[in-house]
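Written out below as structure tokens is the structure these notes cover.
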Amino acid sequence: MADDCFAHPRLAAIYDPLDPDRGDLDAYLRLTDELSARRVLDIGCGTGVFALLLAERGVEVVGVDPALASLDVARAKPGSGRVRWIHGDATDLPPLRVDLATMTANVAQAIADPQSWRKTLQGARDALRPGGHLVFETRVPARRAWEEWTRASSDQETEIPGVGSVRSWVELIDVSPPLVTFRWTYAFAADGQVLTSDSTLRFREREEIEQDLKAHGYVVRDVRDAPDRPGREFVFLARRP
Ligand SMILES: C[S@@+](CC[C@H](N)C(=O)[O-])C[C@H]1O[C@@H](n2cnc3c(N)ncnc32)[C@H](O)[C@@H]1O
């Protein structure tokens, strides 16, 4: 079950306008070129921003996400017919032989349950052709990103065409490393509706992820920095032998 911020139709519709700077995806586009990937599986594709950027470049893309409302947003975008959208997770995939599987924007952390995580690594591996790569990012636990997730630092008013003004902020609910739970609140000025969405993220250590990848039949080729968030993310590059 996806969190309300992705699965509630009114919240999925404002995901992109609330976070319009997707400079984080540049590094994934460069990696797609570096690996000469022509077929890509985007796991946790959400509203489809990365999948559509790839499709525009002529890459064959499959996007999978458990949040139907986010997929509906993706499907309504120009060019969406070029992407194959699947409602579900990495256990719901048809037979594929992709060159690259991705999880952008810390999807790996949203897969907090250990069993779902193992199944995701297995499903991604099965979807890759031999020699294909899995690339994903996860926040560095030692940087304690959650300490910056305060109402004061996040409180913002965003004017969204067709929606009106939306005030949004985040508050921490529980910090029990490796799990961190927080709540986003969204107040819609147009009709006064206030919606909340709770999320729990898992902050995994680099060694733990390397072990998980090896246990699921990957070779860890590299662990990089995210160029747009130096020192804050581990970017894993793993290969199916
Ligand atoms: C922060 S959003 C990122 C969306 C997209 N990758 C992007 O770059 O905008 C996290 C996404 O992970 C999805 N998600 C949650 N659990 C998942 C799972 N078990 N398998 C695949 N995706 C999942 C959510 O529905 C949501 O769309």
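Below, all heavy atoms of this structure are taken into account, side chains as well, without hydrogens, waters or symmetry copies. First listed ligand is number 1; within each ligand, the first listed atom is number 1. Computed from a prediction, not measured in an experiment: that's the story for all the values here.
- Annotation: atom 25 (O) of ligand 1 to nearest protein heavy atom, D65 OD1, 2.6 Å.
- Q156 and R167 form no side-chain donor-acceptor contact under 3.5 Å, judged by distance and modelled atom types alone.
- Looking only at protein heavy atoms, the nearest one to atom 1 (C) of ligand 1 is A105 O, 3.5 Å.
- At a heavy-atom distance under 4.0 Å, no atom of F50 approaches ligand 1.
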* **Verdict with supporting geometry, R39 and V62, side chain to side chain contact (heavy atoms under 4.5 Å, CB included)** => CA-CA 8 Å; R39 285 164 304 176; V62 177; over 6 Å; no
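- Judged by the 6.0 Å distance and 45° axis criteria, R183 is not positioned over the aromatic ring of W149.
- An N or O contact shorter than 3.5 Å links T104 to ligand 1 by distance.
- Proximity of A7 to ligand 1, defined as any heavy-atom pair under 4.0 Å, is not found for any part of the residue.
- Heavy-atom separations between I111 and ligand 1 include at least one value shorter than 4.0 Å.
- Looking at D72 and R75, a side-chain N of the basic residue comes within less than 4.0 Å of a carboxylate O on the acidic one, giving a salt bridge.
- In terms of polar-atom proximity, defined here as any N/O pair under 3.5 Å, R22 does make such a contact with ligand 1.
- In terms of polar-atom proximity, defined here as any N/O pair under 3.5 Å, A2 makes no such contact with ligand 1.
- The shortest N/O to N/O separation between S116 and ligand 1 does not fall below 3.5 Å.
- Considering backbone and side-chain N/O of D42, none are found under 3.5 Å from N/O of ligand 1.
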